[in-house]
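In this text the structure is predicted, and so the values were computed from the model without any measurement. So that the names make sense, note that chain A is the first sequence line, chain B the second, and so on, each numbered from 1.
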2 protein chains.
Amino acid sequence: MSDVAEEVGVSLATVSRALRGLEGVSEDTREKVREVAARLDYIPSPEASGLAGRSTGRVAVVLHDLPSWYGSSVTVGLERELRPAGLDLLVRCVDDPADRVRFFATMPLRRKVDAVVVIAIALTPQEVAKLREGGVAVVAAGSHGEGFPCVAIDDELAAQQAVNHLLQLGHERIALLNTVAATDRAWQAQRDRENGYRAAMAAAGVPVDEDLVVSWSGGSRGGAQGMDQLLSGRRLPSAVFAFSDEVALGAMRSLRRAGIEVPRQISVIGIDDHPLAELTDLTTVAQDPVALGRASAQVTLDLLQGRPARDVGTFPTRLVVRGTTAPPAP
Amino acid sequence: MSDVAEEVGVSLATVSRALRGLEGVSEDTREKVREVAARLDYIPSPEASGLAGRSTGRVAVVLHDLPSWYGSSVTVGLERELRPAGLDLLVRCVDDPADRVRFFATMPLRRKVDAVVVIAIALTPQEVAKLREGGVAVVAAGSHGEGFPCVAIDDELAAQQAVNHLLQLGHERIALLNTVAATDRAWQAQRDRENGYRAAMAAAGVPVDEDLVVSWSGGSRGGAQGMDQLLSGRRLPSAVFAFSDEVALGAMRSLRRAGIEVPRQISVIGIDDHPLAELTDLTTVAQDPVALGRASAQVTLDLLQGRPARDVGTFPTRLVVRGTTAPPAP
DNA sequence: CTGAAAGCGCTTACAG
DNA sequence: CTGAAAGCGCTTACAG
């Protein structure tokens, strides 16, 4: 930085202010500083600015596990939007509750990042407060909360779109294959999607058979187990609404093994539009987590640059009808 | 840190040395410093140590795209091993060649990380040199190179395992459904797997029909297109060895649409043991990218702590026979 | 084995 | 609008 200052013939302070776009620098000086900085390939040291001032030039993304399609897609969206803005992305997986506590206890101690974006994690007010105290901006992607920007789909609506599709095909015995969050007792998506399921059923005047509402751990394995449970029940469902495409795919495996034809005997629908959904011809309710990540990044940038966080609204979901749903067998 | 120094009654320099395990501190003092630091919840500022000394406490993982199963699995392995060691993980996707050039040009300018772990990227000697000049340690996961530690499977062997399985079933018209790397002209895996395919065929004395060797972009879409090309050929293959499970799944979709039964009419095998392989009953050659990430992390830690990098050897792969391979139709 | 001092490259009041 | 100076929290020669 001193090279730049010397070359332009101004002080370090002026260079610093000019480059960061602070007020109180003449346009003339600012121009010159920018030009010289570019010519000299000057890159500010994040270490130094972090030490001296406030900004670290880093954003942490916090999620349950990375190999999930959802989490990695949102992360990619964040990365694509944050990097051009000169911010680096720190990835932190919080596996279990103890780890989660550790993270929120230590992270703000040393402000290693300017902002934290949590993916599909419902923050407690204490956790938010802790981050805030540490001077860290907070944004949620894929979950809801009070007092900080949240970018998410309407889970209840997505569930209704799925269940309405089944209802319109003529199904009444519609099972809900939900998941339980192993690591986060408060993950809201499950609750909201169940609410959407019940709301759609109620609106259609179709009673819910509680034997058809089952919950297993997430992923395809849980889906397979949940489907096995449904198959061992007294009366089979004619359609299954799964929490996600992965769960739906697990369910389809169980159906295949049980020799049950999809969709002739049982229809299956998921949520996500996972790349595999197209591959396996799975009917689903699509969402776009990469776009959601991008929007979360923009909100984060707003916060970091002192602007009011833009309102990105609720992210849309839409029914994608493929080959795993059909009218019920007569 | 000054709190710790004051409490113990030593200088800042001693605290710094004691905590970092440097030589020249009596065991007695070191103990005391450690104890007080723990009691006071002291966490060193990475900004300050980065500025003053050398270490930033950060490792960058560089990959093509994150939503890939392979990349995110390796990253998870890295994260699990690096975090307990007090290192944060910076994620950087390099999408296109221009971006790649930009990364290697700017990253070393400001040493933002202590080490770079590249995933499935074949580094050029110049890129390695550039990182080295910047004082950044280099480790490769899933690719090979000279002059820095590489943790990888034996791609040629993996291909041989797959093709040998098909040969042993009695197949001779074995197609290779390879991929072309859009972003990295030198990705070695494709070349090595093709070599393995040819070596296995040659060893069995089976001639390769060059019409059965096709390359498309990666992912399931490319697999579907490649399979379409094979299906439009004069003589069909009796078995398909796909570059990866994703490619294999794409191929299976094309086969399904064409009304061809797997494995009765055509056998299919992939590489990876992607979670979906189990779900779709796909025969494959399994690898463990999470373990590979962990091993890469350990090598990285060796380098950062001034030890010689341990030799983790070549990572094993093993044939997993499921339902998509069978003897050829008579 | 330990300490005093300089310095890493910035930012931020405080003056002007 | 601009600058001189202090300071962010460490590490590293240099002495002792």
For the side chain of [X] and the backbone of [Y], is there at least one donor-acceptor N/O pair under 3.5 Å apart?
X       : Y        : result
A:Arg80 : B:Cys93  : no
B:Arg58 : B:Lys112 : yes
A:Asp65 : A:Pro67  : no

Do A:Ser11 and A:Thr14 get their side chains close enough for a donor-acceptor pair, meaning under 3.5 Å?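 A pair is found: one side chain offers a donor N or O, the other an acceptor, under 3.5 Å apart.
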Can you tell me how far [atom2] of [N] sits from [atom1] of [X], to the nearest Å?
X       : N      : atom1 : atom2 : result
B:Ile43 : D:dC10 : CD1   : C1'   : 15 Å
B:Leu12 : C:dA4  : CG    : C1'   : 10 Å
A:Lys32 : D:dT2  : NZ    : C1'   : 13 Å
A:Glu6  : C:dC10 : CD    : C1'   : 17 Å
B:Leu40 : D:dG9  : CG    : C1'   : 16 Å
B:Met1  : D:dG7  : CE    : P     : 18 Å
B:Leu51 : C:dC10 : CG    : C1'   : 7 Å
B:Glu47 : C:dG9  : CD    : C1'   : 12 Å

Compare side-chain N and O positions of [X] against OP1 and OP2 of [N] and report whether any pair is under 4.0 Å apart.
X       : N     : answer
B:Thr29 : C:dT2 : yes
B:Ser11 : C:dG3 : yes
B:Ser49 : D:dG9 : no

With sequence neighbours left out, write down each residue that passes salt bridge (charged side-chain N to carboxylate O under 4.0 Å, His left out) with [X], or none if nothing qualifies.
X        : value
A:Arg102 : A:Asp99
A:Glu6   : none
B:Glu23  : none
A:Asp302 : A:Arg307, A:Arg310

DNA chain C-proximal residues of residues 13-25 of chain B, any heavy atom under 4.0 Å: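 Correct list: B:Ala13, B:Thr14, B:Arg17, B:Gly24, B:Val25.
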Is there a side-chain contact between B:Val10 and B:Lys32 (heavy atoms, below 4.5 Å)?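 Contact flag for B:Val10/B:Lys32 side chains = no.
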Could you check A:Ala48 against B:Arg30 and say which one's nearest nucleotide on DNA chain C is further toward the 5' end?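 Counting from the 5' end, the first nearest nucleotide belongs to B:Arg30.
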Name all stems that contain residues of DNA chain C, defined as runs of 3 or more consecutive Watson-Crick or G-U wobble pairs, both distances under 3.5 Å.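 So the stems come out as C:1-3 with D:14-16, C:5-12 with D:5-12, C:14-16 with D:1-3.
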